[in-house]
Amino acid sequence: EPALIFDLGGKFDKSFNEAAFNGAKRWADQTGKSYREIELQSEAQREQALRRFAEAGANPIITMGFGMADPLSTVAPDYPDTKFVVIDVTWLDAPNLRQVGFAEHEGSYLVGMMAAMASKSGTVGFIGGMDVPLIRHFGCGYAQGAKAVNPDINVVANMTGTTPAAWNDPVKGSELTKAQISQGADVVYAAAGGTGVGVLQTAADEGILSIGVDSNQNHLHPGKVLTSMLKRVDVAVYDAMKAGDEVETGVFTMGLAQEGVGVAMDDNNAELVTEEMSSAVDKARQDIIDGNISVVSYYENDSCPALQF
Amino acid sequence: MEFFVTLIQVFDSTIRLATPLLLACLAGLYSERAGIFDIGLEGKMLMAAFFSAAVAAVTGSVWLGLLAGIASSLALSGLHGLASITFRGNQLISGVAINFLAAGMTVLVAQSWFQQGGRTPSLFGGGRFTPIEFPFAEAISTVPIIGPIYSELLSGHSILVYIAFLMVPLTWWVLYRTRFGLRLRAVGENPAAVDTAGVSVVGLRYAAVAICGVLCGIAGAYLATALQAGFVKEMTAGRGFIALAALIFAKWRPWHAMGACLLFGLLQAVALRFQNIDLGGVVIPVQVMDALPYILTVVILAGFVGKAIPPRAGGEPYVKER
Amino acid sequence: MEKMPKWADVVLIPLISLLLAALLSALVILAIGESPVEAVNLMITGALGSTYGWGYTLYYATNFMFTGLAVAVAFHARMFNIGGEGQAMLGGLGVAMVCLYVPWPHWSIALLAACAASMLFGAAWAAIPAYLQAKRGSHIVITTIMFNFIAAAFLNYMLVNVMRPKGSMDPATARFPEAVHLPTLHELLAPIGINFSKAAPANISLLVAIFACFVVWALIWRTRLGYEIRAYGHSETGAVYAGISPVRITIVAMLISGALAGLMATNNVMGEAERLVLNSTEGAGFIGIAVALMGRSHPFGVFLAAILFGFLYQGGAELALWTSIPRELIVVIQALVILFTGALDNMVRMPLEKLFLGLRKGVE
Amino acid sequence: MTVPAIELKGISKAFGPVQANKDISISVAPGTIHGIIGENGAGKSTLMSILYGFYKADKGEIWINGQQTSIPDSQAAIAAGIGMVFQHFKLVENFTVLENIVLGAEDGGLLGPSLAKARKELKELEEEYELFVDPDKRIDEIGVGAQQRVEILKALYRRAEILILDEPTGVLTPAEADQLFRILDRLRAEGKTIILITHKLREIMEATDTVSVMRRGQMTATVKTAETSPQELAELMVGRKVLLQVDKVPAQPGKPILEIEGLRVIDEAGVERVKGIDLTVRAGEIVGIAGVAGNGQSELLEVLGGMRPGLGSIKLNGAPLALSGSGSDGQARRAQHIAHVPEDRQREGLIMDFHAWENVAFGYHRDPAYKRGIFMDNAALRADTERKIEKFDVRPPDGWLAAKNFSGGNQQKIVVAREIERNPDLLLVGQPTRGVDIGAIEFIHKQIVALRDQGKAILLVSVELEEIFSLSDRIAVMFDGHIMGERLPQETDEKELGLLMAGVAGEAA
Ligand SMILES: Nc1ncnc2c1ncn2[C@@H]1O[C@H](COP(=O)(O)OP(=O)(O)OP(=O)(O)O)[C@@H](O)[C@H]1O
Ligand SMILES: Nc1ncnc2c1ncn2[C@@H]1O[C@H](COP(=O)(O)OP(=O)(O)OP(=O)(O)O)[C@@H](O)[C@H]1O
Ligand SMILES: [Mg+2]
Ligand SMILES: [Mg+2]
């Protein structure tokens, strides 16, 4: 029986964890089998949940987020017969570990391009949640994409805050959106968990475009969300569950090539995406896969060539 | 000119951010003026935010939502009253408990009601409070100075914003010009004086706590159905505590409360609008801007406000015989 | 003459209050369609049924003892320190610096240094609100709330921009060296033949916390400083009459309070995570308020209340692990416990007093 | 015979285990002043609070003007025509006089008309009864005497026909007390019924028509005032013979212990409270400072006790005392052998929630005698407490009882024991017997005189002229921050002092 450990945001965060939940649900619905899950409440529970599930015989144990890296490095060796899967971590060393990273900067690059093309004002916005490197990583790819389309474009970037409340403050998200609109932004990209709900809402209310993140959020405001930067956590989780205890270990990076990240195209945003946009995005995607375009990751040296944080 | 436009926008944002603070602050004012300390403002707002959004989502009527929000906040007020008035319990503990209760209950109920992870469905149409445009707002928006002030700053807020600001003179009037206000202030200063004057201390205090509940209810509904289009867990994000700070800052006076809330709103609006200020090469980290409203609050408090003396009987249950 | 025997006041009332809270919680559990009996069963076996469960319960309790003591000491001087959260964060920073930047030969010396550093940092963070309260009359409640926010921003800056190891995406410091690893209860108890669960994070900080309970008890009830703190807390005019300086007591009490809150970092940062992460305090500062209030600001009461909350935390984790009950249920249960044992205890006391009075009359 | 204005039948009331009133019956004739006396804690206030609906009786009936009346709350009492002036005033301190009077008796939801009407009626009442107060002053700005007038006005404004006064003269100057009794006379003349509770036998003898004595919750006797004597009343009250006069030998003043020159005190609000006074207290003498409350005596005492800073020069045994900054606090004063019985025992002299034994160390908690290592030597402290409790006859003799659980008189004994037993060079005493009953007054006065006889200097501040006269060897009168003059008790009288206290200098010192 597989087990799934959600990160502190909770399984209904409308983005990262929810994507995992969707993947697991899809697997459960298809196979009719069940799985164990827990939403973490505190840091100390990370290790606790790992051990409890391992001892109860769950296999594989799928965990979410970089916060699990540290506990996994101590727990995984204690249960050599259990397979662990971790999303968003790529730097550990253990034989029974499947590490899945996503090239968020690549996906963000593509939505950045779309934002720049959709923008009439020449200013696009980025609203992050808590100011942590991962979110800067998103913002950095986005800015590079936007600048690739329009080198003169103005990218306004804001973080919601410095406490975990930053993930759940839609009011602040909303105000930031208004602030960015007043600075001229007419497309905003929200990478801010629950706060993003406020961003998308305000963008829709104020008549500008927004870009969702992680899951496909186009349906939240049909015709008003330009696209969503998909991070196929659901696929990663689904695949792992499907493979069961046979799941392959090692480090896997899911970029554009592996369809681990992407842009969401559906009926809800069909009218917003021009022919030109989709072809440009398609071309860029291919170029990135082929190595013709290199998108710089914020992690490389903790800074971004296209954006100052 | 561009500076002026920015200024208007910052002030506009200030008003939106100050409104929930102001409502909660006035709510606290009624309660604490009557001698019942209330650190449960946060919880009441949160509860109201949830129930207003939930009912608005289900019925499609924001007014029913507002009523539901007020009712839920009132229920928590009743609990606070029961604990601190009837059973003479510790008011701080009761407030802490109410905050926890709201944080847990909202998500729990939301989850078993909507199965959307402690969230309500998004509100649209009649489920939300929409901005009210003043007459001729469109027409005079181009007039310099006056135009933007009238049509952008003053016009275009939800009705709850205007209610919040109207509550300030109303509260002042009630407090200082009516019989009820006199008794309310007296019961917070010396309940025995009120009792021996033949007025029910318990009745007055429950009335105050109830008004507090209503105002917190409006504040919560404003967050979930006017500023936002739905409830998200913990969406009050500490505003109840900031309102409490504003109340102490204002020394429990209505006009000053408005000033304090506007100031807090302004500081937040400024911090939101001016992140990453670049001072000739030295970039001020975003964290500094994030903390700026709080730092400035401390500075102002230390520099200009002086000692705030709460209502004398505040926090103490009225006990005639032990 | 008392209205009621002491044991009834100290044992019976909290017990009945707890029962009421449990009863109401059971109703809530029923309402969301789960079985209360099973839930209680899970919580008790999960939190108290094994050394593993105890290990977690005690780990959480250790945190709450520190923050509860912090709030309690401030309460004795009639101050409401809501800033335990921020002070504990800063304590964490102190611990991290000591553990990361100094090569320690042995954990015991490192622990002493970490205690000193965490107390220093925690006290420093309480110092400004204390000074402002004492000298400028700025209300301690507001300033400590503000300092919580400022601490979070400061810590975020330190972790994201300064202390994060190169290339790590996690806003956290590097892992502390092996040398500063604190012995867990497993390691402590193994030599005396007790097989305590290896997995649980409870560590030697628990002893530090218990020691702190004793020290606070002795400080408050046995020393002259404690006498002055209590006197000032009961009556400021009285303190002035007795030559006790309000300024001095305000500042000293807050420094002690901040130091105690900071000390929490030895448990969660040094003992458990062995690195400093964002949000490592996880609201323990606020739980500390409830713990102090429920423990009636007495160290022994704080000790018991901390264990109760530790139990709720760990029992709740087990619930979340094995059932589909949302984690918020635990928050609701906590709220009910605080409500009934803390705010509504007169609801139980008043009828009981009547009962005992009646009994006594009957005997006479 | 006429129908009694008030008749209480079989009233009983218990506070938890304490039986405050036991089966009390009393009947008060209309148009009379009925006195009630009794030791502290006898249950007088409780009985009256029941009549006023502040407490609910466990048993018993209340009859007003021949009608059985149920008085569940104060509102019902007011409706029945009862007004009460409580021992501890029930006023809102930061409200104006007018607001306090109107509170609860407004006519209509709006304040404006109520206040206007009250202002008018107040004027009439004032003129009728000579109850002058400024309606726009805040309560905390006016003296206690004026506050009491406000309380009386409150009752009259509510058209009270029956007026209860609980220890009304405890805080008044003789002149104020006299005025009060004139007002009471006038009220009686109008047919109003008055119940007067007091400790002072003289007042009972002067003012009342009938007097009831209470002891330990029971009504022990009701007699016509004309047919009794103070001595008899005192014995009925206490249950034993008491001495009504302090007896002491003439003082033998020695060298100056305390020398004050040009002392000025400016309070937190910047108001000058003490405006340059000179005063000397010698070894072996008691100097009494008379004056109406609020004329700077409290501040004088507080500067001497290290509770607030002052300007000027003070010498103790010839050495200067620090008046501000370090070395000027209470600890320093105690180290210099100055002991201080503060004016307000509950707010200053004691920590009400501390055990008696903890309070015995209050202020002296840093004394090495109470120290053991880094800890306080609680055992030594408790032993010390036991000695003091026994010597000062504190009742109940239980060191573990919290201060708040002692009666006022016994609380005062604890404070006096603590300070006198230090054997100080200089003893500062503020209002040593305020609100304390006859038995305890007698005892406390004896202790103070005994200390004097050991050659110590004593500075006494009291608003009770009687006390000043019976204790002091020399009397200084303060008015508006100045010393108006010094007199020897045997060479002056109440009338002259009263004039000095009112600021009429006469042929000054
Ligand atoms: N609020 C109260 N709660 C509990 N017990 C009380 C209360 N008030 C009075 N008592 C008890 O009732 C008894 C009578 O008190 P009461 O105040 O009536 O005495 P008193 O005769 O008015 O004394 P005093 O001369 O000091 O005014 C006291 O001994 C006390 O034990
Ligand atoms: N509010 C109260 N609650 C409980 N007990 C009280 C209360 N007030 C007074 N008592 C008890 O009543 C007794 C007498 O108290 P009270 O305050 O009436 O004294 P008092 O009248 O001021 O006495 P004294 O003559 O010594 O000044 C004390 O033993 C005390 O235990
Ligand atoms: Mg009394
Ligand atoms: Mg009395």
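In what follows, every chain begins at residue 1, and chains take the letters A, B, ... in the order their sequences are listed. Heavy atoms only: backbone and side chains are in, while hydrogens, waters and symmetry mates are out.
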Heavy-atom distance under 4.5 Å to chain B: side chain of C/Ile32, backbone, both or neither?
side chain

Name the region of B/Thr86, side chain, backbone, both or neither, that has any atom closer than 4.5 Å to a heavy atom of chain C.
backbone

Who wins among C/Lys135, C/Met294, C/Met146, C/Gln133 for the most heavy-atom pairs under 4.5 Å with chain B?
C/Met146

For B/Phe264, the ring pair (Phe, Tyr, Trp, His ring centres under 6.0 Å) test, sequence neighbours excluded, returns B/Phe249

Start with the C-alpha distance between B/Phe100 and C/Ile287, add both sets of side-chain angles, then the distance that settles side chain to side chain contact (heavy atoms under 4.5 Å, CB included), and finish with yes or no.
CA-CA 10 Å; B/Phe100 276 92; C/Ile287 301 281; 3.8 Å; yes

Going by side-chain hydrogen bond (donor to acceptor under 3.5 Å, both in side chains), name the pairs with one or both residues in residues 150-164 of chain C, residues two or more places apart or in two chains.
A/Asp302-C/Arg164, B/Gln287-C/Asn156

Heavy-atom distances under 4.5 Å only: say whether B/Ile98 touches chain C with side chain, backbone, both or neither.
neither

Residue pair B/Met105 / C/Val28: nearest heavy atoms and the distance that separates them
CE-CG2, 4.4 Å

Between B/Gly104 and C/Val332 the two heavy atoms that sit nearest each other are C-CG2, 3.4 Å

For the residue pair B/Arg88 and C/Arg349, establish whether any side-chain heavy-atom pair is separated by less than 4.5 Å.
no

Enumerate by number any residue of residues 233-243 of chain B whose heavy atoms lie under 4.5 Å from heavy atoms of chain C; in the absence of such residues, state 'none'.
B/Lys233, B/Phe241, B/Ile242

If a pair satisfies side-chain hydrogen bond (donor to acceptor under 3.5 Å, both in side chains) and one of its residues is in residues 16-36 of chain C, list it, with sequence neighbours excluded.
C/Glu34-C/Ser324

I need the minimum non-hydrogen distance between C/Leu132 and B/Ala302, along with the two atoms involved.
CD2-CB, 3.4 Å

Heavy-atom contact with chain C under 4.5 Å, split by part of B/Leu292:
neither

In terms of heavy-atom proximity below 4.5 Å to chain B, should C/Ile289 be classed as side chain, backbone, both, or neither?
side chain

